[in-house]
There are 2 protein chains.
Amino acid sequence: MRAEGADHGNCQEACRPLTDILVRIGDKWTVQVIGALSKGSLRYSQIFKQIEGVSQRMLTLTLKGLERDGLVTRTIYPTIPPRVDYALTDRGRTLIEPLHVLWTWAYENRDAIDETRRAFDQRRDEEASSTPRILPRYEAAAVTRRAD
Amino acid sequence: MRAEGADHGNCQEACRPLTDILVRIGDKWTVQVIGALSKGSLRYSQIFKQIEGVSQRMLTLTLKGLERDGLVTRTIYPTIPPRVDYALTDRGRTLIEPLHVLWTWAYENRDAIDETRRAFDQRRDEEASSTPRILPRYEAAAVTRRAD
DNA sequence: CTGGATCCGCAGGGATACTG
DNA sequence: CAGTATCCCTGCGGATCCAG
């Protein structure tokens with residue numbers, strides 16, 4: 001599985017649009033929105049309730065971004081009160097598997113990563129407290145200045 | 001390939017650490033650093049040159065974050081001038097394939113997405129220009145204010 | 001109900017200068 | 001060479017209010 005379709009090495013000009021996309025995909029809310037929609041279309045309020053912590057503003061912006069990229073469709077029912085359904089497009093559905101792979105990786109590694117982080121932070125704190133407060137080398141100069 | 005190891009549906013509490021990781025992974029520079037290191041260990045300056053547009057600050061922070069997560073190792077050679085090598089850990093190497101999948105997806109879809117975006121933006125601009133400049137309903141009030 | 005518009009705090013991140 | 005420290009500014013994103 002070493003398909004060299006994408007050139008990872010010297011990606012001077014090829015990378016820019018790619019990272020542009022990856023940043024959008026890796027976005028905090030985008031992942032969760034796609035996850036929510038992966039099971040079928042949902043109304044705005046349903047997504048809003050399902051993704052805890054997102055603000056209306058961010059949800060709207062995220063959905064609009066996904067719509068702009070052709071990853072979700074937005075269907076308006078001109079009823080009262082209005083109703084808007086969101087669903088993944090075919091293109092959007094092709095993202096489910098790649099994201100699922102990443103999701104699985106995160107799921108499998110999160111405990112180990114958490115522990116590694118703790119160990120790292122602890123070591124860092126110990127080093128910081130053991131450092132005997134390096135004094136500025138200008139202290140001597142400052143002292144000579146005293147009786148000036 | 002519908003391994004339901006991770007629960008996508010009601011991820012009230014389970015999602016938080018996961019998105020935490022995914023945000024870190026999806027980070028603009030993280031992806032590129034891992035890509036650069038996927039072929040072998042590199043010195044700081046080599047990574048710096050290879051990733052166009054990154055600042056020293058961001059590269060350092062990104063590498064430190066990856067080290068904290070146990071995804072890269074940092075090896076110091078106390079020579080003069082100093083030399084520091086970075087390399088993926090075993091855990092870091094397990095990330096190559098998931099990222100490669102995502103990378104491939106981005107590579108295959110970037111043209112289509114670019115075009116979809118242009119079409120979307122163009123339609124949006126047209127609608128905006130065709131809108132007959134909705135005047136604020138307070139204009140009348142403002143007018144009455146004129147001869148006060 | 002589904003957003004749009006606005007205000008605003010604060011952190012992300014670039015540029016620069018300095019150190020070991 | 002490989003960072004660290006500082007300044008500074010942009011824009012992300014939350015809170016709030018308003019409109020269709």
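Quick note on labels: first sequence line is chain A, next is B, and so on, each numbered from 1.
- Between the CZ atom of A:F48 and the C1' atom of C:dG3 there is a distance of 11 Å, rounded to whole Å.
- Residues A:R91 and B:T116 meet the side-chain proximity criterion, which asks for heavy atoms closer than 4.5 Å.
- When distances run from any side-chain atom of B:R74 to the nucleotides C:dT2, D:dG14, D:dG3, the shortest one goes to D:dG3.
- Rounded to a whole Å, the CD atom of B:Q56 is 12 Å from the C1' atom of D:dA5.
- Within the 4.0 Å cut-off from OP1 or OP2 of D:dC1, not a single side-chain nitrogen or oxygen of B:S45 is found.
- The closest donor-acceptor contact from the side chain of A:T89 to the backbone of A:G92 lies under 3.5 Å.
- Candidate nucleotides D:dA15, C:dC1, D:dT6 were compared by shortest atom distance to the side chain of A:R57, and D:dA15 ranks first.
- Taken together through direct or relayed side-chain contacts under 4.5 Å among Ile, Leu, Val, Met, Phe, Trp and Tyr, B:M58 and B:Y44 form part of one hydrophobic cluster.
- OP1 or OP2 of D:dT4 sits under 4.0 Å from a side-chain N or O of B:K64.
- Rounded to a whole Å, the CD1 atom of A:I80 is 13 Å from the P atom of D:dG20.
- In this structure, B:L59 atom CG and D:dT4 atom P are separated by 11 Å, rounded to whole Å.
- Here C:dT2 presents its P atom at 9 Å from CD1 of A:I47, a figure rounded to the nearest Å.
- Nucleic acid contact for B:Y86: sugar-phosphate only, since backbone atoms but no base atoms lie under 4.0 Å from a heavy atom of the residue.
- Atom CD of A:Q46 sits in a crowded spot, with more than 12 heavy atoms from other residues, nucleotides or ligands closer than 6.0 Å.
- With rounding to whole Å, A:L42 atom CG is found 15 Å from C:dT2 atom C1'.
- Atom pair B:L61:CG and D:dT4:P shows a separation of 9 Å (rounding to whole Å applied).
- Listed nucleotides D:dA2, C:dG13, C:dT2 differ in distance to B:R43; the shortest reach to its side chain belongs to D:dA2.
- Distance from the side chain of B:S55 is smallest to C:dG14 among D:dG3, C:dG3, C:dG14.
- With salt bridges taken as basic N to acidic carboxylate O contacts below 4.0 Å, none links B:D121 and B:R118.
- Protein atom CD of B:E67 is 14 Å distant from nucleotide atom C1' of D:dA2, rounded to whole Å.
- With C:dG14, D:dC1, C:dA17 as the candidates, the nucleotide lying closest to the side chain of B:M58 is C:dG14.
- Heavy atoms of B:K28 sit nowhere under 4.0 angstrom from any nucleic acid atom.
- Candidate nucleotides C:dG3, D:dA2, C:dT2 were compared by shortest atom distance to the side chain of A:P82, and C:dT2 ranks first.
- Among the nucleotides D:dG3, C:dT2, C:dG4, the one closest to the side chain of A:T60 is C:dG4.
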